[in-house]
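Below is one structure, written out as structure tokens; comments come after it.
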Amino acid sequence: MNLINGGLNLLFLLLSVGIFGMSIYALVHALRVPQAAFTSAGKLKKNIWLIILGLATLFSGAGAWSFLLAFSVVGGMRFIGLGAVSIFSIAAVIASVIYIVDVKPAVKGMGRGGNSGPYGPW
């Protein structure tokens, strides 16, 4: 039973770290995109997305940290469960996925300026 509990705990630890990494990726991408790209794509303003993704990164980081601490104490002795995954971690996943799937493709390549030809900028 300890092997099963340890495996499930490790799986949830990896998922929480993955959620944190996805939130960081979305936040860094939003920081690099110009303000005008959000407006011309018809999405929320850049400042609002930065607040949303900043909070998502904060909450997912706190969730990953708390799960790491719980995993280091419990290990495979018993199943930690979803107690370390809060409603804020779920909201962080939703916000990051919405940004990556919807906003990122819409603002891709906008606002870079320069001349562009049929095969890209030149």
Side-chain angles (χ1 to χ4, degrees):
M1 193 59 139
N2 287 343
L3 184 63
I4 294 172
N5 290 336
L8 288 174
N9 289 342
L10 183 63
L11 175 69
F12 281 117
L13 175 65
L14 293 175
L15 282 174
S16 64
V17 170
I19 292 168
F20 181 54
M22 182 175 61
S23 298
I24 289 175
Y25 172 75
L27 180 63
V28 168
H29 184 271
L31 285 169
R32 295 181 68 211
V33 174
Q35 171 74 34
F38 289 90
T39 308
S40 63
K43 303 298 177 186
L44 291 175
K45 292 184 178 185
K46 179 177 181 173
N47 294 337
I48 295 173
W49 273 113
L50 289 178
I51 290 170
I52 291 170
L53 294 173
L55 289 173
T57 304
L58 177 73
F59 291 136
S60 63
W65 181 252
S66 68
F67 210 94
L68 178 65
L69 291 178
F71 182 75
S72 66
V73 170
V74 174
M77 303 277 223
R78 64 180 178 87
F79 179 58
I80 297 171
L82 297 176
V85 178
S86 67
I87 189 74
F88 296 114
S89 296
I90 295 170
V93 169
I94 292 170
S96 299
V97 166
I98 287 173
Y99 181 83
I100 291 171
V101 171
D102 183 41
V103 178
K104 183 181 175 234
V107 298
K108 182 180 180 184
M110 290 187 169
R112 292 199 177 143
N115 297 329
S116 61
Y119 304 109
W122 52 278

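- With respect to Ile48, the side-chain contact (heavy atoms from CB on, under 4.5 Å) criterion is satisfied by exactly one of Leu50, Leu44, Ile51: Leu44.
- One distance of note links CD1 of Ile4 with CG of Asn9; it measures 12.0 Å at 0.5 Å rounding.
- In this structure, Val103 and Phe38 have side chains that are in contact, with non-hydrogen atoms separated by less than 4.5 Å.
- Here CD1 of Ile87 is found 5.0 Å from CD1 of Ile90. Values are rounded to the nearest 0.5 Å.
- Once rounded to the nearest 0.5 Å, the distance linking CG of Leu69 with CG of Leu13 reads 10.5 Å.
- In terms of heavy-atom proximity, Ala30 sits nearest to Tyr99 at CA-OH, 3.2 Å.
- Checking each of Thr57, Leu53, Ile100 against Ser23 for a side-chain contact (heavy atoms from CB on, under 4.5 Å) leaves exactly one that passes, namely Thr57.
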Just do the side chain to side chain contact (heavy atoms under 4.5 Å, CB included) check on Trp49 and Ile98 with the steps written out, would you? CA-CA 11 Å; Trp49 273 113; Ile98 287 173; 3.8 Å; yes
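- A donor-acceptor distance shorter than 3.5 angstrom exists from the side chain of Lys46 to the backbone of Leu31, with no hydrogens or angles considered.
- Under a hydrophobic clustering in which Ile, Leu, Val, Met, Phe, Trp and Tyr are joined whenever their side-chain heavy atoms come within less than 4.5 Å, directly or via other members, Val28 and Phe59 fall into different clusters.
- No side-chain heavy atom of Val17 sits less than 4.5 Å from a side-chain heavy atom of Phe20.
- Residues Ala41 and Val107 approach most closely at CB-CG1, 4.0 Å, considering heavy atoms.
- Between the side chain of Ser40 and the main chain of Ala37, a donor-acceptor pair closer than 3.5 Å is present.
- Scanning all heavy atoms of the two residues, the minimum distance from Ala56 to Ala95 falls at CB-CB, 4.4 Å.
- Of the candidates Ile24, Val93, Leu14, Val93 is the only one forming a side-chain contact (heavy atoms from CB on, under 4.5 Å) with Ile19.
- Counting heavy atoms from C-beta on, the side chains of Val33 and Lys104 never come closer than 4.5 Å.
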